[in-house]
Every structure is written in C-alpha cells, then in structure tokens.
Engineer: 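Handing you a structure now.
Because the structure is a prediction, the values reported are computed rather than measured. Order of appearance sets the numbers: ligands from 1, and atoms from 1 within every ligand. Heads up: numbering here begins at 1 and tracks the sequence.
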Amino acid sequence: MRQCVLVEGAFERPEPLVAAMLRAGFGPPVRCETLASALQAVQTSTTELLILPVSSIGAEQRGVLENLLRDSSALAAIGTASEASTEIVLDTMRAGIAEFLLRSATADEFTTAITRLERRWSMAPVRGSVIAVFCPKGGQGATTVAVNLAHAIARRKPKRVAIVDLVVGMGDVALQLDLRPEYDVGELALKVDRLDRELMQSVAADGPDGLAVLAATERLDLAPVLTGDVVSALLAQCRQIYDHTIVDCEHAFESRAVAALDAADTVLLVAQLQVSSLVVAKRTLTIFRELGYDDDKVKVVINREGSTNLVTPAEAQKVLGRAIDARIPNDFGVASEAQAEGKPFQRHASGSALAKSYETLASMLLGPISGRAAKATADTANGNGATKKGRLFGLLRR
Ligand SMILES: Nc1ncnc2c1ncn2[C@@H]1O[C@H](COP(=O)(O)OP(=O)(O)O)[C@@H](O)[C@H]1O
Ligand SMILES: [Mg+2]
C-alpha cells in the first residue's frame, strides 16, 4: 500500500478525497498539523505523496521540501491554495511540486491529478541501491557483515532499508536478528508473477530500527524455483521500495548469487587476514573482473582483524593487488553474545569498536552521517542476561 502524508488545511473537505485516495491504492493518509511535522514523516518513512497548502511553505521548510522532491523520484507533491493566481501556481512549481489544486477540489479533480502523477511515478528512474555481501568461502562473516551493515544503515534511514537472505535452506539472517517471520523469500519466489510492492511488504518482517527483513526460505525444494531471474525481479522490486537493499548471498558462484552480484551497485567481498581466505578472495576478484564488474563496484572488507592474524593488511593488499576498503575488528565476545541474543552489534554493545566499525563502513558506502540521524544512532539498548539465556534455550527447542 502506498503512503500519503497530508498537511491539515490542504483541502476544505478532505473526506471525499480520502476515499479517492484509498481507491488509488493509498492507505489512509498520515495527517500532520504542520508542514514541518509532515516533512519529518516523509523523511522517516516510504512516502509517495505529500499534499500541502502552498501557504504552509515557510522559508525554513522550503529548502528541505525542495531537496526531498528533487532527491526522491518516488515522492511527488500536490500543492493547494484558495485561489489559482499565476504567482501562486508558479511558486508551487518552483518548489518542485508537480500538481496544483484548489482547496475546494472535488474528488474527480483530485483523481485526475493522481492519474497524472501515476505516469510520473511509473517513469521515475529506479533509485534504491543494492549492496550484495559475498564470499565464496563460508565462515568468513558474510552474514554478520550483511546484518550489521543493514542495521547501521537502517538507523540512519528507518523504514527505508531492507535485508534479503538469498541462502536457500540454511539462511541465518533472521536468526541473527531474533526473528521468526511467518513469510519468507520462498513466498516471493512462488508468487513472482504477482510480485509487487504490497506482496513484498507483506512478506517483509519488522527488524530493529525499521529494518525490513526478507528472510531465507527454509525449503530446500525451492532452490530450483528461486532462479537468477527471480532474484533479479525481487531486487528490482526492492529498489522501488527501499533506499538501500543489502543482500546476503550463498557461498558459491551459483545462479542466485551471480544474479544478485550482477544486480548490485556495490559488492562487498568479505575476507579475513588468513592465507586460505585471501587466496579465495584473490580468485574471486579475478572472477569479478571476468564477470565485467568495475573495480569501483567491488569493495574488499576485511573481517575479524586482530593481533592473531599472520598476514598484515599491507601484505593482504599486495596479494590482492588492490586496496582494502574496510576493516572490521575481531571481537569474539561481542560477536558471539550479540548473535546469541539475536541483536545487531549496535544494539548489544554500541560503544564497542566492533559496533563502531560498522558505522564507519556505512559512512564509507553512504557518506557521512547527518546531524539528525547521528542523534538517532546515539540511542542504545543493551540486552540483559536473562533474555539471552531465555532465547538460547528457546532456539535449542526449535
Ligand atoms: N568481527 C567478528 N569478530 C568475531 N567473530 C566474528 C566477527 N564477525 C563474525 N564473527 C563470527 O564468525 C562466524 C561466522 O560468521 P557468519 O556471519 O555466519 O559467516 P558466513 O555468513 O560468512 O558463513 C560467526 O560465529 C560469527 O559470530
Ligand atoms: Mg552466512
């Protein structure tokens, strides 16, 4: 279901228009007293339509509104006023607002405006990015990197980030987040011909900080159904809904993983500072080049860096013939406890170097954190021993 944010006072009689909105596939509008609170709502959720009285645009909000409309092709706005003077209509357009209506607009006029916007929404270039986390060798921490990176990004952009577990049968993204979702990627694969935003959002489970979790299917028999084409369709849909989609891939160059790697804007190759891991990473980089990936598309993430490594980062760079892009420290205590509790590192031990390294990784991929998001990430939650034990026994009983 699509979302609309409506600033009070936009319409004289909003009720008949709300009915038209529901018919056009929108949920009941989120009603905000002021444009400032509406902009806040738009920034923290996936919103397709913002309806506002043009008179509510103060000097303070104008820049934010213009940036939001410029940056998000999925978001459109309708501006309203009591009269349609040339000056008001021009001012509306200058702010990037696509449609103008009178405050007294009828349901028919409103529906016509929505129809014009439909064309715009369908032509909007795809915006969301896809980050695939990959390592053809298991046990290097690919899932851990995918989960904790997705959470670090979700903290900055609540409800705008998804993680997809493409592992068939043995995926453990949901487990690392203490979720037991009712539906999973298998459901999407079986209904791929009907794949749309609604289906996708009904399958996604609610993870921490508004992270949407598309859990792995436990059904091994679905492996032939979850083809590379299905993965491409699934990720294309994710791009329409989420700003960022992080994918945990299977540990092999099989069709699903390659489809995800192809579709990705960025591939994170996870490796450790050990000979066997680096040999695999080097071979993987060669295959990436054969697959036609630009060197820029691939980022090397060294996981579990610590004093026991026999290979130094400088030596690793020499072996790989390229720079290491990110380094995650080894911290067995925090990693194993957080995963036993089913919490991302930021939630379990936000002050730890391990948790902070994921902030750095998110910044490297997205750019520096904004003031507002920085405030949000300052909130922390630490688990206690009782819930941890309870969960452990619960897991063993499953
Ligand atoms: N930075 C880290 N420090 C210590 N242990 C880690 C770290 N990252 C991952 N691990 C541990 O490594 C193991 C494998 O991680 P996992 O994410 O399941 O790997 P993969 O998906 O590559 O098979 C897990 O037991 C996890 O707790
Ligand atoms: Mg894994």
Engineer: Determine whether P28 and V18 make a side-chain contact, defined as any pair of heavy atoms from C-beta on separated by less than 4.5 Å.
Structural biologist: no
Engineer: Which ligand 1 atoms are under 4.0 Å away from a heavy-atom of N303?
Structural biologist: 1 (N), 7 (C), 8 (N), 9 (C)
Engineer: Donor-acceptor pairs under 3.5 angstrom involving side-chain atoms of residues 83-91: please list them, not counting sequence neighbours.
Structural biologist:
| unit_1 | atom_1 | unit_2 | atom_2 | d |
| --- | --- | --- | --- | --- |
| S85 | OG | I88 | N | 3.2 |
| D91 | OD1 | R62 | NH2 | 3.2 |

Engineer: Quick one: side chain to side chain donor-acceptor pair (under 3.5 Å) pairs with a partner in residues 312-327, sequence neighbours left out?
Structural biologist: E305-R327, T312-E315, R322-D325
Engineer: Quick test: of every protein heavy atom, which one is nearest to atom 18 (O) of ligand 1, and how far off is it to 0.1 Å?
Structural biologist: D172 OD2, 4.0 Å
Engineer: Going by heavy atoms, is G139 under 4.0 Å from ligand 1?
Structural biologist: yes
Engineer: Please check this pair: side chain of D265 against backbone of V130, looking for a donor-acceptor N/O pair closer than 3.5 Å.
Structural biologist: yes
Engineer: Please could you name the atoms of ligand 1 that H251 approaches to less than 4.0 Å, counting only its heavy atoms?
Structural biologist: 20 (P), 21 (O), 22 (O), 23 (O)
Engineer: Check each atom of ligand 1 against the heavy atoms of F332 and keep those under 4.0 Å away; list them by number with element.
Structural biologist: 4 (C)
Engineer: For the Mg ion (ligand 2), which protein N/O/S atoms are closer than 2.8 Å?
Structural biologist: T143 OG1
Engineer: What do we get for C135 next to ligand 1 when only non-hydrogen atoms under 4.0 Å count, side chain, backbone, both or neither?
Structural biologist: neither
Engineer: For atom 1 (N) of ligand 1, what is the closest protein heavy atom, and at what distance to 0.1 Å?
Structural biologist: P329 O, 2.9 Å
Engineer: Please, which pairs that meet side chain to side chain donor-acceptor pair (under 3.5 Å) have at least one residue in residues 48-57, sequence neighbours excluded?
Structural biologist: E48-R197
Engineer: Looking at ligand 1, does any of its N/O atoms fall within less than 3.5 Å of an N/O of T143?
Structural biologist: yes
Engineer: Could you check atom 17 (O) of ligand 1 against the protein and tell me its nearest heavy-atom contact, residue, atom and distance included?
Structural biologist: T144 OG1, 2.5 Å
Engineer: If we only consider heavy atoms of S336, is any one of them less than 4.0 Å away from an atom in ligand 1?
Structural biologist: no
Engineer: Do V301 and M364 come close enough that some side-chain heavy atom pair is under 4.5 Å?
Structural biologist: no
Engineer: Rounded at 0.5 Å granularity, tell me how far CD1 in I78 sits from CD1 in I51.
Structural biologist: 4.5 Å
Engineer: Rounded to the nearest 0.5 Å, how far apart are OG1 of T266 and CG of D296?
Structural biologist: 9.5 Å
Engineer: Under 3.5 Å between any N/O of G138 and any N/O of ligand 1: does that happen in this structure?
Structural biologist: no
Engineer: What part of L354 sits under 4.0 Å from ligand 1 if we count only heavy atoms: the side chain, the backbone, both or neither?
Structural biologist: side chain
Engineer: Please identify which atoms of ligand 1 are closer than 4.0 Å to at least one heavy atom of N330.
Structural biologist: 3 (N), 4 (C)
Engineer: Carefully, step by step, assess K299 and L361 under the rule side-chain contact (heavy atoms from CB on, under 4.5 Å).
Structural biologist: CA-CA 10 Å; K299 310 278 176 218; L361 179 59; over 6 Å; no
Engineer: Checking side-chain hydrogen bond (donor to acceptor under 3.5 Å, both in side chains) for the pair T34/S37: CA distance, chi angles, key distance, verdict?
Structural biologist: CA-CA 5 Å; T34 61; S37 58; 3.0 Å; yes
Engineer: Of the protein's non-hydrogen atoms, which lies at the shortest distance from atom 12 (O) of ligand 1, and what is that distance?
Structural biologist: R304 NH1, 3.7 Å
Engineer: Starting from atom 3 (N) of ligand 1, locate the nearest protein heavy atom and write down its residue, its atom name and how far away it is, to 0.1 Å.
Structural biologist: D331 N, 3.0 Å
Engineer: Could you walk me through whether S277 and Q140 satisfy the side-chain hydrogen bond (donor to acceptor under 3.5 Å, both in side chains) test, starting with their C-alpha distance in whole Å, then the side-chain angles of each, then the deciding distance to 0.1 Å, before giving a yes or no?
Structural biologist: CA-CA 8 Å; S277 182; Q140 305 301 292; 2.8 Å; yes
Engineer: Is it the case that H251 and K137 place a side-chain donor and acceptor less than 3.5 Å from each other?
Structural biologist: no
Engineer: Just to check, does S357 reach to within less than 4.0 Å of ligand 1 when the distance is taken from its heavy atoms?
Structural biologist: no
Engineer: Checking Q176 against T143 for the side-chain hydrogen bond (donor to acceptor under 3.5 Å, both in side chains) test, could you report, in this order, the C-alpha distance in whole Å, the side-chain angles of both residues, the deciding distance, and whether it holds?
Structural biologist: CA-CA 9 Å; Q176 286 203 17; T143 303; 5.1 Å; no
Engineer: Parallel, tilted or perpendicular, judged at 30° and 60°: which one describes the rings of F288 and F253?
Structural biologist: perpendicular
Engineer: Would you kindly say whether R156 and S363 are connected by a side-chain donor-acceptor distance under 3.5 Å?
Structural biologist: yes
Engineer: Looking only at protein heavy atoms, which one is nearest to atom 19 (O) of ligand 1, and what is the separation?
Structural biologist: G141 N, 3.0 Å
Engineer: Counting non-hydrogen protein atoms only, what is the nearest one to atom 24 (C) of ligand 1? Give residue, atom name and distance.
Structural biologist: Q339 OE1, 3.8 Å
